[in-house]
Number of protein chains: 2
Amino acid sequence: MARDDRHLELDRQLCFALYAASRAIVRAYDPLLAPLGVTYPQYLALLVLWESDDISVGALGDRLALDSATLTPLLKRLEQQGLVARRRKPEDERVVLISLTARGRALRAKAREIPSELACRAGFDLEDPRAVARLEALREELADLARRLG
Amino acid sequence: MARDDRHLELDRQLCFALYAASRAIVRAYDPLLAPLGVTYPQYLALLVLWESDDISVGALGDRLALDSATLTPLLKRLEQQGLVARRRKPEDERVVLISLTARGRALRAKAREIPSELACRAGFDLEDPRAVARLEALREELADLARRLG
DNA sequence: TGCGATTAAATCGTGTGCAACTCAATCAGG
DNA sequence: CCTGATTGAGTTGCACACGATTTAATCGCA
């Protein structure tokens with residue numbers, strides 16, 4: 001293989017690893033989320049809302065790095081499930097505020113065990129400080145990477 | 001926040017970092033791929049074909065961790081662009097073999113600079129052995145993670 | 001005050017991903 | 001040989017992602 005083609009190999013390994021790992025995580029989550037009746041992106045939106053309820057579509061999009069083209073239909077599906085409510089902000093009718101319903105808030109309890117269950121399936125021992133540190137280092141590097149590319 | 005809810009935070013940081021970084025990479029690639037007229041997943045398929053031409057849809061799917069539901073339409077689009085050809089394997093008519101056309105092979109030259117260009121945009125100095133080692137370590141951890149989840 | 005620029009969502013079109021299913025070709029056991 | 005199981009692609013239906021455009025509300029400034 002020509003010298004210049006090396007990177008077409010090497011690179012596939014790196015960027016592809018990220019792409020494949022991301023899809024593997026989503027696939028691993030889906031069966032755990034199925035009992036809640038939500039998808040992985042919907043779950044991410046709920047995580048944000050469980051932390052800060054009653055925020056705008058834009059603010060939610062900033063947190064998730066998703067735009068309204070993706071969020072609007074996703075939130076409508078969550079609305080149809082009765083998990084969130086959508087209303088215009090009185091002071092600025094351009095803004096749509098998303099708030100959790102009682103059912104949406106209640107779902108948090110059912111979601112509580114999911115992360116540790118997944119960590120377990122991925123072979124991480126959350127009792128082991130070294131494993132936790134490795135997880136956090138990995139997370140930091142990925143967040144860094146995304147920041148530099150964003 | 002209740003003790004049990006901590007993971008709903010922590011976890012979002014980890015799995016979300018992976019999900020966000022993956023999307024950031026794809027977004028970063030797209031403008032570089034636009035001149036070639038292919039999308040990121042199509043580019044991944046071409047990377048495999050540039051390494052091992054004339055393989056079955058199934059073999060391609062094994063390499064990319066994608067099934068025929070995703071690959072069949074993707075490959076038809078590559079075929080319409082005149083980059084690949086699809087034909088049944090004579091010894092086993094169930095199998096469809098994908099091979100590069102002259103145009104598909106030629107595209108490799110135009111793709112050569114893309115990986116290093118992207119590494120540069122991500123702030124990696126490929127001349128620095130430490131940076132390269134960091135990239136490889138990251139790749140290994142992600143591949144490991146995907147393997148454990150798969 | 002009036003009006004062009006800006007902003008926040010929503011909409012549109014295209015291309016993935018993936019579960020579930022169909023269809024045709026091959027295989028395997030009797 | 002048959003016939004039922006298996007296998008490899010393809011199809012269907014649904015839910016993202018995202019660039020580009022549209023619409024409505026607000027802002028800024030002459």
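Below, chains carry the letters A, B, ... as their sequence lines are ordered, and counting in each starts from 1.
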Taking OP1 and OP2 of D/dA17, is either one under 4.0 Å from a side-chain nitrogen or oxygen of B/Y19?
yes
Tell me: CG of B/D30 to C1' of D/dA20, nearest whole Å?
14 Å
Can you name the side chain to side chain donor-acceptor pair (under 3.5 Å) partners of B/E117, sequence neighbours left out?
B/R121
Applying side chain to side chain donor-acceptor pair (under 3.5 Å), can you list everything that pairs with B/R27, at least two apart in sequence or on another chain?
none
Classify the ring geometry between A/W50 and A/Y43 as parallel (under 30°), tilted (30 to 60°) or perpendicular (over 60°).
perpendicular
From CG of B/D62 over to C1' of D/dG8, roughly how many Å is that when rounded to an integer?
11 Å
I'd like to check the ring-ring contact (aromatic ring centres under 6.0 Å, His included) partners of B/F124; sequence neighbours left out, ordered by chain and number.
none
Listing request: all side-chain hydrogen bond (donor to acceptor under 3.5 Å, both in side chains) pairs with a residue in residues 74-84 of chain B, at least two apart in sequence or in separate chains.
B/E79-B/R86
Spacing of A/R27 atom CZ relative to D/dC16 atom C1', expressed in whole Å:
15 Å
I need the CD1-P distance between B/I55 and D/dA9, as an integer number of Å.
10 Å
Return the value, rounded to whole Å, for the distance between atom CD of B/Q42 and atom C1' of D/dA17.
15 Å
Which is true for B/T70 with a 4.0 Å heavy-atom rule: it touches a base, it touches only sugar-phosphate, or it touches nothing?
base
Go nucleotide by nucleotide along DNA chain D from the 5' end; which of A/P73 and A/P90 gets its closest nucleotide reached first?
A/P73
By nearest-nucleotide position on DNA chain C, the 5'-leaning member of B/R77 and B/D67 is B/R77
Between D/dC16 (P) and A/I25 (CD1): distance, integer Å
18 Å
What string of B, S and - do you get for nucleotides 1-10 of chain C 5' to 3' if you count protein non-hydrogen atoms under 4.0 Å?
------BSBB
Under-4.0 Å side-chain N/O to phosphate OP1/OP2 contact, A/Y40 with C/dG17:
no
According to side chain to side chain donor-acceptor pair (under 3.5 Å), who are the partners of B/R103, at least two apart in sequence or on a separate chain?
none
Expressed in angstrom and rounded to an integer, what is the separation of A/L74 atom CG from D/dC18 atom C1'?
14 Å
Validation row: B/L18, B/L142 side chains within 4.5 angstrom (heavy atoms):
yes
Nearest whole angstrom, please: distance from the P of D/dA15 to the CG of A/L46.
15 Å
Closer than 4.0 Å, any side-chain N/O of B/T39 to the OP1 or OP2 of C/dT14?
no
